[in-house]
Every structure is written in structure tokens, then in C-alpha cells.
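Numbering of ligands and ligand atoms starts at 1, following listing order. These numbers come from the heavy atoms of this one structure, side chains and all, not from hydrogens, waters or symmetry mates. Numbering starts at 1 and runs along the sequence shown.
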Amino acid sequence: MINIVLFGVPGCGKGTQAALLKARYGIEHVSTGEVIREHIRRGTELGRAVQASIERGELAPDEVVISMIADYVASHRDARGCIFDGFPRTEPQAKAFDRILAENGLQVDLMIDIEVAEEEVVRRILLRGKESGRADDASEEVIRQRLAVYHAQTAVVAEHYAACGRYTAIDGHGTIEEVFARISALVDGLGQ
Ligand code: AP5
Ligand code: MG
């Protein structure tokens, strides 16, 4: 099973590229942000507990997302591969993820960092926010907060995977198809 982490600033294209990868390679896709938003929509206890911080552009607690991913990995052992979109997002999440995967005889095969300039992602998210209904897309202030959280807590995760030679950055500018061609070339290189 091939495990790919899609990484990068909010709005860099993780969800868009994950959907294309899923269609081309027949691998699974999980977005912790989507799972959390689904809890909020359903009004679950978890959703109610994290809603305010997500809407301010802050992260959910590590233990919440780690347990989500542990359940996901356990229930997808038979998958051809999985794309993890937006996870891990902190150093403790990365350490826990490595442990969870190792317990299942797995590892992160490649983290792909989709690099996009901040002004471009702010533009993309504001555009999407007009119709996405995502509370964290609605104002530039919250988008800037998400970017600040990325720099303070998430960027460091790249070093974790770079240290073991499993990190690659690609240029996330250009059309969706151009970015997908860059990512597909990397995935093809993994032998998928
Ligand atoms: P999450 O849902 O992961 O949001 P995010 O990382 O902020 O990123 P987005 O989903 O906004 O963007 P994306 O990179 O998927 O880009 P997309 O393809 O949509 O997380 C939301 C929140 O949940 C977090 O802030 C946190 O609170 C919580 N959370 C999630 N994971 C967590 C974790 N592990 N730990 C703790 N808390 C967690 O593209 C964006 C837009 O641009 C779209 O409209 C798209 O159509 C467009 N677009 C894409 N590519 C291109 C292109 N090449 N050219 C032009 N437009 C493009
Ligand atoms: Mg997304």
C-alpha cells in the first residue's frame, strides 16, 4: 500500500489534486478538514467541541485528529493506497502517524508539498468562499490566521519527512492540470 501525504498552505490545491489522484490511481483519499466539517454539519459532540476553533482558523486538538486517522488507517488496511490531505499538521501528529502506520506495517512513502505563493492562495480561497459555505473561507482575517497557524505549527512537519528522505516540493502554480502532471510524475516514480 502506497501512502502519500499532500502538504502545503491552505488553498494550495490539496483537495483538488487528491480527487484527481484518487480517480487516476484508484487510491483512497482522506481529508481531516472534511471529516471535521462533516462532524460539525451533523452536530456531533466532536463537531460541537471543535467548531469555534476551526471557524477562527485554528487547529483542532492533536488527540482528536490522531484518533480519527488511527481509525481510518485501521479500516483501510486493504486499500491499494491512501492520500492523506491536511494530516499530519503538527510535529506530534507526524510522530503519532509514523507510529500508527508502523503498527500496521506501513509508512509514509512520500510527502508532496504543493508550493503556492500566499497572495495566490488568499485569492483562491476568497473566490471559493463566495459559494463554499465554509466558515473559515469567509473572511480574509480568518484566511490570514490559517496561514499564520501553518507557519507556526505546520511548516515544521516538512522537516520531519525531509530528514528521512520522503519529502518533495512541487510548484503549485499554473493550471490544475499542470500541477497534476507534476504530482503524477512523482507518483509514477513510486511504482504505482
Ligand atoms: P482543511 O480542510 O485541510 O483546509 P486547508 O488546509 O486550510 O486547505 P483547503 O481545504 O482550504 O485548501 P486545499 O489545499 O485543499 O486546496 P483546494 O484544492 O481546496 O482544514 C480546515 C481546518 O480543519 C483547519 O484550519 C483546522 O482547523 C482543521 N484541521 C484539518 N486538519 C487538521 C489537522 N490535521 N490537525 C488539526 N486541525 C485540522 O483549492 C482551493 C481553491 O483553489 C479551490 O477553489 C480550487 O478549485 C482552487 N484551485 C486549486 N488548484 C488551483 C489551481 N492550480 N489554479 C487555480 N485555482 C486552483
Ligand atoms: Mg482541502
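- Assignment of Arg134 to the shell around ligand 1 is supported, since a heavy atom sits closer than 4.0 Å.
- Ligand 1 has no nitrogen or oxygen under 3.5 angstrom from a nitrogen or oxygen of Gly57.
- When heavy-atom distances to ligand 1 are checked against a 4.0 Å cut-off, Asp136 comes that close only through its side chain, counted from C-beta outward.
- Residue-level proximity to ligand 1 for Arg146 is carried by the side chain, the only part with a heavy atom below 4.0 angstrom.
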For a side-chain hydrogen bond (donor to acceptor under 3.5 Å, both in side chains) check, start with the C-alpha distance between Glu55 and Gln51, then their side-chain angles and the critical distance, and finish with the verdict. CA-CA 6 Å; Glu55 292 183 356; Gln51 182 166 10; 3.0 Å; yes
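- Separation of atoms SG (Cys164) and CG (Asp98) is listed at 6.5 Å; rounding is to 0.5 Å.
- The Glu58 neighbourhood of ligand 1 comprises atoms 26 (C), 27 (O), with distances under 4.0 Å to a heavy atom of that residue.
- In this structure, CG in Leu21 is found 12.5 Å from CD in Glu28, a value given to the nearest 0.5 Å.
- Regarding atom 29 (N) of ligand 1, its nearest protein heavy-atom neighbour is Ile36 CD1, 3.7 Å.
- Ligand 1 has no atom lying under 4.0 Å from any heavy atom of His173.
- Heavy-atom contacts of Cys12 reach the following atoms of ligand 1: 14 (O), 16 (O) (cutoff under 4.0 Å).
- When hydrogens are left out, the protein atom nearest atom 23 (O) of ligand 1 is Gly33 CA, 3.9 Å; that is the closest non-hydrogen contact.
- Checking Met68, Arg128, Arg56 against atom 40 (C) of ligand 1, the nearest heavy atom belongs to Arg128.
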Does His39 form a side-chain hydrogen bond (donor to acceptor under 3.5 Å, both in side chains) with Glu34? I'd like the steps, not just the answer. CA-CA 9 Å; His39 275 279; Glu34 281 298 332; over 6 Å; no
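- Counting heavy atoms from C-beta on, the side chains of Val30 and Ile83 never come closer than 4.5 Å.
- Atom 37 (N) of ligand 1 has as its closest protein heavy atom Ala60 N, 3.0 Å.
- Of the options Arg89, Glu177, Arg37, the smallest heavy-atom separation from atom 33 (C) of ligand 1 is shown by Arg89.
- Here the OH atom belonging to Tyr25 is positioned 9.0 Å from the CG atom belonging to Leu190, to the nearest 0.5 angstrom.
- Contacts between Leu59 and ligand 1 below 4.0 angstrom, taking non-hydrogen atoms only, involve backbone and side chain alike.
- Considering CZ of Arg134 and CZ of Arg128, their distance stands at 4.5 Å, rounded to 0.5 Å.
- Considering only non-hydrogen protein atoms, atom 16 (O) of ligand 1 sits nearest to Gly13 N, 3.1 Å.
- Counting heavy atoms closer than 4.0 Å to ligand 1, residue Gln93 contributes side-chain atoms (C-beta onward) but none from N, CA, C or O.
- Taking NZ from Lys14 and CD1 from Ile112, the interatomic distance works out to 13.0 Å, rounded to the nearest 0.5 Å.
- Near Thr16, meaning under 4.0 Å from any of its heavy atoms, are these atoms of ligand 1: 17 (P), 18 (O), 39 (O), 45 (C), 49 (C).
- Nearest protein heavy-atom contact of atom 13 (P) of ligand 1 is Lys14 N, 3.5 Å.
- In this structure, Phe84 and Phe97 have perpendicular ring planes: the angle between them is above 60°, well past the 30° mark.
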Take Asp113 and Tyr161 through the test side-chain hydrogen bond (donor to acceptor under 3.5 Å, both in side chains) and record every step on the way to the result. CA-CA 11 Å; Asp113 186 353; Tyr161 291 100; over 6 Å; no
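- Checked for salt-bridge contact, Asp109 and Arg166 miss the test: no charged N lies under 4.0 Å from a carboxylate O.
- Of all heavy-atom pairs spanning Ile66 and Ala96, the tightest one is CD1-CB, 3.6 Å.
- Residue, atom and distance of the protein heavy atom nearest to atom 12 (O) of ligand 1 are Gly11 N, 2.9 Å.
- Looking at Val65 against ligand 1, only its side chain comes within 4.0 Å, counting heavy atoms.
- Of all the atoms in ligand 1, the ones that sit under 4.0 Å from a non-hydrogen atom of Gly15 are 13 (P), 15 (O), 18 (O).
- The protein heavy-atom contact nearest to atom 31 (N) of ligand 1 is Thr32 OG1, 2.8 Å.
- Heavy-atom minimum distance, Met1 versus Cys82: CE-SG, 3.5 Å.
- Closest to atom 47 (C) of ligand 1 by heavy atom, among Lys130, Glu120, Arg124, is Arg124.
- Note that CZ of Arg42 and CZ of Arg37 are 14.0 Å apart. Values are rounded to the nearest 0.5 Å.
- Distances below 4.0 Å separate heavy atoms of Ile176 from the following atoms of ligand 1: 50 (N), 51 (C), 52 (C), 53 (N).
- Counting heavy atoms from C-beta outward, Ile114 and Ile183 have side chains that approach closer than 4.5 Å.
- Ala18 does not count as a contact of ligand 1, since none of its heavy atoms falls under 4.0 Å from the ligand.
- Ligand-side atoms of ligand 1 in range of Thr175: 53 (N), range being under 4.0 angstrom from any heavy atom.
- In summary, the atoms of ligand 1 found under 4.0 Å from a heavy atom of Gly174, numbered by their order in the structure, are 52 (C), 53 (N), 54 (N).
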